[in-house]
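All remarks here apply to the structure that follows.
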Amino acid sequence: MTDVPIKVENIVASATLGKSIELPKVAPALEGVEYNLEQFPGLVYKLKEPKTAALIFGSGKLVCTGAKSIDNSVKAIHITVDKMRKLDSEIPEEFNIKVQNIVASANLGKTLNLEAVALDLENTEYEPEQFPGLVYRLEDPKVVLLLFGSGKVVCTGAKTIDDAQLGVEKTKERLGELDLI
Amino acid sequence: RLRKWQRKIRISGATERNLAFALSELDRDSSRLGLPRSVREAASVVYRSAVENKLIRGRSIEGVVAASLYAACRRCNVPRTLDEIAEVSRVSKKEVGRTYRFLTRELNIKLPPTSPVDYVPRFASELSLSGEVQSKAIEIIEKAMEKGLTSGRGPTGVAAAALYIASVLLGERKTQRDVADIAGVTEVTIRNRYKELTEQLDMGVTL
DNA sequence: GCTTTAAAAAGTAACTT
DNA sequence: AAGTTACTTTAAAAAGC
C-alpha cells in the first residue's frame, strides 16, 4: 500500500521507418524544421500538439522526445511521419515504435536528510556542491532516481511506466527499512 | 629477446616520465592553491594508486592529477571547490568532477560530502575573523545540519552565511559582499541561507 | 566523449527591471 | 530586492566525428 502516485514528465521513443530517407526531400513538409547537418546529423522538428520534438535521420530512424504519455508519443510520431509521407510516398504506413526512456516525478511526502541517506543507502552519489539531488541507482528495476531534501523524487531510465512506479515504491520502501524516512 | 627488453625499458621510461610529469603538475596545482605538503602527499598517493590500478587509460594525466588533488583536499578536511581546482589546473570543472567520481568508485574511496565546517577556517582567515567567530559559525552550522537545513545546499554558501551571521553576532561584522567574494558565492545566496538559518534556528533578527 | 531533444527536481548564477 | 532565464544532474535513442 505504498501507493505513491507518479507523474510521467517525459517520454523518449524511437521509430524505425524501414526505409532510408532523403532529408532535403521531406524537410519542406515539416514547417519550422531545423537542420544543421554540420552540427547534428538529424532534422529537428518541433510539434505543438502533442508538444514534442522529433529528430529525423537519413537512415529512416526517428526519435521523439517530450511527450507526457506513451499515447501522445505514438501520436506525435504518426503525425510527423504522415507529413513526411506527403513528400515521400514510399514511407510505410506501419513501422515499429519503441519507448526508450520514461522520466517521472513523485513526492514521497516526507522530507529527507540527504547526508544521512548518503551514509546508509547503497549505490548513491551525493555532491551538493554540484547538484542538490542525491543520485540513487536501483538495480531492479534498473532505473536511476534523484532524491531531494523536500521529499520530491525524479525517476528516469525506465522503459515502462510500471518500472518507473516500481522504482519509486522500492525506493520509498528501502528508505523506510533504513529508517531514513 | 633484445627487442622485448628494449621495449620494457622504453615503457618503464615512459612510465617514469609520466610520473615525473604528474608530480610536477601536482606541485604546480598545489602551490597555486596554497596547499600544505601533507595534502600534496595524500594526492600523490591517490594518483599512484590510480596508476597501479591502470585507471589512467583514456584519461589525461592532468585530469587524474586534478581529481586526485580534489579528493585529497576533501579527505584532509581542507576542501577546494571543483571551480578552484579547475582554475589552477588545465582541466575543466566537468572533467575534474567526472574523473573524481571514477577514481573514488574504482579505488573504493568513500568520502562523505564536504562539510561546510571544513570551509570555515580558510574563509575566516581570509576575512581576518577571530577564532571566536569561527567557533560561533561552526556552532551555527552544526545546528543547521541537525535540523536538516543543509540538505542539497552548497557547502560554501552555508559556510559563508554562518560566518556572516557569526561576524555580526560577535561584533566583527563583515559585509555580505566581502564574505561572498571570499566564499565564491553571490550575495543572493548568502541572503537566502542567512534568512533560512536565522528564521529556522534560534537567532533573533540581527540585521 | 561530443553534438541535439525534452522534462522534472532544487540550488545557484547572471542579467533586468 | 524581485523577476526572468539558464545552467547543474539523471536516462535513452539517433549518425558521425
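Everything numeric here is computed off the predicted structure, so don't read it as measured data. Chain naming here is simple, since letters A, B, ... match the order of the sequence lines and numbering starts at 1 in each.
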ask   = In chain order, what residues pass the salt bridge (Lys or Arg N to Asp or Glu O under 4.0 Å) check against A:Lys75, with sequence neighbours excluded?
value = none
task = State which residue, out of B:Lys174, B:Glu187, B:Arg173, B:Arg191, fulfils the side chain to side chain donor-acceptor pair (under 3.5 Å) condition with B:Tyr164.
result = B:Arg173
message = Restricting to non-hydrogen atoms, name the atom on B:Ser115 and the atom on B:Met145 that form the minimum distance, rounded to 0.1 Å.
response = OG-SD, 4.2 Å
Residue pair B:Leu111 / B:Arg75, side-chain heavy-atom distance below 4.5 Å = yes
ask   = Would you say B:Arg105's side chain and B:Tyr100's backbone share a donor-acceptor pair under 3.5 angstrom?
value = no
key: Closest approach of B:Val39 to B:Ala72 (non-hydrogen atoms, all atoms of both residues)   = O-CB, 3.7 Å
query = What do you reckon, is NZ of A:Lys48 surrounded by more than 12 foreign heavy atoms closer than 6.0 Å?
reply = yes
query = NA contact type, B:Lys93, heavy-atom cut-off 4.0 Å: base, sugar-phosphate, or nothing?
reply = nothing
key: Stretch residues 117-124 of chain B: residues that reach within less than 4.0 Å of DNA chain D through a heavy atom   = none
inquiry  = Each nucleotide in nucleotides 3-9 of chain C should get exactly one letter: B, S or -. Can you fill that in based on protein heavy atoms under 4.0 Å?
reply    = BBBBBBB
query = Can you check whether A:Leu175 reaches A:Leu112 side chain to side chain, under 4.5 Å on heavy atoms?
reply = yes
ask   = Which whole-number value in Å describes the distance from B:Phe102 CZ to C:dG1 C1'?
value = 14 Å
key: Between C1' of C:dG11 and CG of A:Leu147, the distance in whole Å   = 16 Å
query = Which pair of non-hydrogen atoms, one from A:Ala104 and one from A:Ala164, has the smallest distance, and what is that distance?
reply = CB-CB, 4.3 Å
key: B:Arg59 to B:Phe102 six-membered ring, cation-pi geometry met (6.0 Å, 45°)   = yes
key: Any side-chain heavy-atom pair of A:Val81 and A:Pro92 under 4.5 Å   = no
ask   = Counting just side-chain N and O atoms, does A:Ser59 come under 4.0 Å of either OP1 or OP2 of D:dA15?
value = yes
remark   = In short, B:Leu127 meets B:Asp178 closest at the heavy-atom pair CD2-O, 3.7 Å
ask   = Without hydrogens or angle criteria, can the side chains of B:Ser89 and B:Glu62 be said to hold a donor-acceptor pair below 3.5 Å?
value = no
ask   = In whole angstrom, what separates A:Gln130's CD from C:dA10's P?
value = 19 Å
ask   = Whole Å only: how far is the CD atom of B:Gln176 from the C1' atom of D:dA1?
value = 12 Å
inquiry  = Output the rounded distance in Å from CD (A:Glu38) to C1' (D:dA15).
reply    = 15 Å
remark   = In 5'-to-3' order, the base (B), backbone-only (S) or no-contact (-) status of each nucleotide in nucleotides 12-17 of chain C, using a 4.0 angstrom heavy-atom cut-off, is SSS---
inquiry  = I need the residues from residues 82-96 of chain A with at least one non-hydrogen atom less than 4.0 Å from DNA chain D; give them sorted by number, or say none.
reply    = none
key: Contiguous pairing runs of three or more, Watson-Crick or G-U under 3.5 Å, that involve DNA chain C   = C:1-5 with D:13-17, C:8-17 with D:1-10
